[in-house]
Amino acid sequence: MLPLTGITTTLISATLGHGTNDVGKLCTSNKINKWSKHKPVKGTTFKGANGDCGLSITSSNSIAGILNIISTGTTWSYDKPTGGATYPYRLGDFRNYNHTAESPITVDVPEIAYISAGSTQVSMFYTEDDYSINISDIDSIKNTYMGAYMVSTNGTTSARMITATSPILSGVTYVDIPISDISAGNYYIYPLLSDTVNTSTLSIPGGIIYYPLDSVTKSNITIKSTSSNIMIIINCSWLNDDHNTNEIIYTIEITNSGGSSTTLTNCYTFVKFFEHDIADNLVMGETQTSRGNITVPANSTYTINGSATAYYSDSPSGYNVWFTSLSPANEVFEYVFDSNI
């Protein structure tokens, strides 16, 4: 962290690793940590001219608009000074600059929830310190409400939007989404912030401004009934732990812990690029295999052994192996571990 006094271009350049002593270039460097409370901003205080600590936070006044923003994992951008008399470059803005500051925001969305629980909780956790931006420092969002939009993965069924009843500034950083009235299945959850309280999931009023959380995108959640007695475990890897062999092998174990047999209908296995969701259309290089209907006797395990040709160069981020069934609804996936990473 830079000191309060003795700020020089040489010290700033060394801290940023920028390699220049030009004040303008240092104040607009792409190596400045936007999460530092103290840094060059438009305005005369650390809060900047917009009151958001030099951050530019996008927003939308429609559900469709905010869902599109969240789906991209939009980041809060850094609004740097532009120089001149209006927004001059000031070396002094680097006093107490924290080059190792981290985002204060972490969001937790459960992967599984049960209808009988009545609701599922989406939580935001944030840290605070004197030299990093705190949520309470950001004027445009500090009085907003933690919220979440949930919808079936088909994009239309059981859509609902709800917020907490107290603003995040009061310390309420979670929201409970009612699920007692929906069907078991797979859903997307979009964590967000709202400038207005909304406690009715059946209606989404107009005139609301929604904000995305920095780098937070939609999450998958599987809603199950308590009567579900099926557990699915996927083990997968590159053949010989070497992706150069261009073959992925996998084992899928479907365990029925109930006292009677269960039939899973319309079952499939997929090997898909890591970046692709199960709802995305199959593309060249991905595989789909129909497994038909699978009956698992009581207190038994049914095992699927499979393999697929896969080329690492087609998907440097890796692959996922998926198992799906129509009824009871299941969508389970596992990342193909790569020992070379």
Side-chain angles (χ1 to χ4, degrees), residues 27-82 86-87 93 97-99 101-109 122-149 161-164 166-175 188-198 204-219:
C27 287
T28 56
S29 171
N30 59 8
K31 296 185 178 183
I32 294 174
N33 187 336
K34 69 179 181 180
W35 294 116
S36 175
K37 179 175 290 189
H38 305 284
K39 61 185 179 293
V41 294
K42 296 176 179 177
T44 57
T45 72
F46 77 90
K47 299 202 58 153
N50 64 358
D52 285 348
C53 304
L55 298 175
S56 179
I57 304 174
T58 187
S59 64
S60 177
N61 60 3
S62 72
I63 282 292
I66 193 64
L67 298 191
N68 183 61
I69 292 170
I70 295 171
S71 293
T72 65
T74 297
T75 58
W76 298 348
S77 60
Y78 174 22
D79 190 22
K80 304 170 185 176
T82 53
T86 305
Y87 299 121
D93 282 358
Y97 168 73
N98 181 9
H99 196 54
E102 297 181 353
S103 168
I105 299 170
T106 303
V107 174
D108 179 63
V109 179
V122 176
S123 304
M124 177 180 71
F125 305 93
Y126 61 88
T127 57
E128 293 193 346
D129 67 63
D130 292 337
Y131 302 102
S132 301
I133 293 177
N134 302 322
I135 293 295
S136 58
D137 296 325
I138 306 173
D139 288 351
S140 67
I141 65 167
K142 67 182 182 182
N143 289 309
T144 59
Y145 301 83
M146 183 66 195
Y149 180 86
M161 164 68 207
I162 193 164
T163 72
S166 298
I168 56 177
L169 189 61
S170 70
V172 179
T173 57
Y174 63 89
V175 60
Y188 293 132
I189 287 182
Y190 298 78
L192 50 80
L193 299 175
S194 169
D195 75 341
T196 304
V197 172
N198 183 42
I204 302 174
I208 293 177
I209 298 177
Y210 302 102
Y211 301 87
L213 292 161
D214 183 83
S215 302
V216 174
T217 187
K218 67 181 180 182
S219 296

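Only heavy atoms go into these numbers, but all of them, side chains included; no hydrogens, no water, no symmetry mates. When a residue number appears, it is its place in the shown sequence, counting from 1. This is a predicted model, so every value here is computed, not measured.
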Taking the side chain as every heavy atom from C-beta outward, state whether D130 and H38 have any atom pair closer than 4.5 Å.
no

Is there a donor-acceptor pair under 3.5 Å between the side chain of N50 and the backbone N or O of L55?
yes

Quick check: does any side chain N or O of S132 sit under 3.5 Å from a backbone N or O of A101, one acting as donor and the other as acceptor?
no

Measuring from atom OG of S194 to atom OH of Y145, what distance do you get when rounded to the nearest 0.5 angstrom?
8.5 Å

Identify the heavy atoms of K142 and I135 that sit nearest to each other, and give their distance.
CB-O, 3.7 Å

d(K218 NZ, Y190 OH) to nearest 0.5 Å is 4.0 Å

Non-hydrogen atoms of A49 and Y87 that approach each other most closely
CB-CE2, 4.1 Å

With side chains defined as the heavy atoms from C-beta onward, is the minimum distance between M124 and I105 less than 4.5 Å?
yes

Side chain to side chain donor-acceptor pair (under 3.5 Å) against Y188, all qualifying residues, sequence neighbours excluded
D277

Heavy-atom closest contact (I57 atom, S140 atom, distance):
CD1-OG, 3.9 Å

Counting distance only, does the side-chain N/O of Y97 pair as donor-acceptor with the main-chain N or O of P40 below 3.5 Å?
no

Which atom names give the shortest non-hydrogen contact between L169 and N143, and what distance separates them?
CD2-OD1, 3.6 Å

Tell me whether the count of non-hydrogen atoms from other residues, nucleotides or ligands lying under 6.0 Å of CD in E128 goes above 12.
yes

Show me, pair by pair, the donor-acceptor contacts under 3.5 angstrom made by side chains of residues 204-214, not counting sequence neighbours?
residue	atom	partner	partner atom	Å
D214	OD1	K34	NZ	3.0
D214	OD1	W76	N	2.5

Is there a donor-acceptor pair under 3.5 Å between the side chain of K37 and the backbone N or O of N134?
no

Intermediate values then yes/no, side chain to side chain contact (heavy atoms under 4.5 Å, CB included), E102 and D129:
CA-CA 10 Å; E102 297 181 353; D129 67 63; over 6 Å; no

Pairwise distance NE2(H99) to NZ(K31) - rounded to 0.5 angstrom
8.5 Å

Using the side chain to side chain contact (heavy atoms under 4.5 Å, CB included) rule, take Y149 and I70 through it: C-alpha gap first, then chi angles, then the decisive distance, then the call.
CA-CA 11 Å; Y149 180 86; I70 295 171; over 6 Å; no

Could you tell me the separation between the CE atom of M146 and the CG atom of L192, rounded to the nearest 0.5 Å?
7.0 Å

Do you know which two heavy atoms are closest between I189 and P191, and how far apart they sit?
O-CD, 3.4 Å

Heavy-atom side-chain proximity of N33 to N98 below 4.5 angstrom
no

Nearest non-hydrogen partners of S56 and D79, listed with the distance:
CB-CB, 4.4 Å

Could you tell me if the side chain of Y131 sits less than 4.5 Å from the side chain of S36, heavy atoms only?
no

Please set out all donor-acceptor pairs under 3.5 angstrom arising from side-chain atoms of residues 58-68, sequence neighbours excluded.
residue	atom	partner	partner atom	Å
S60	OG	S62	N	3.2
S60	OG	S62	O	3.2
S62	OG	G65	N	2.9

Side chain D139, main chain D52, donor-acceptor under 3.5 Å:
no

Would you say that more than 12 heavy atoms from the other residues, nucleotides or ligands in this model lie under 6.0 Å from the OH of Y174, or not?
no

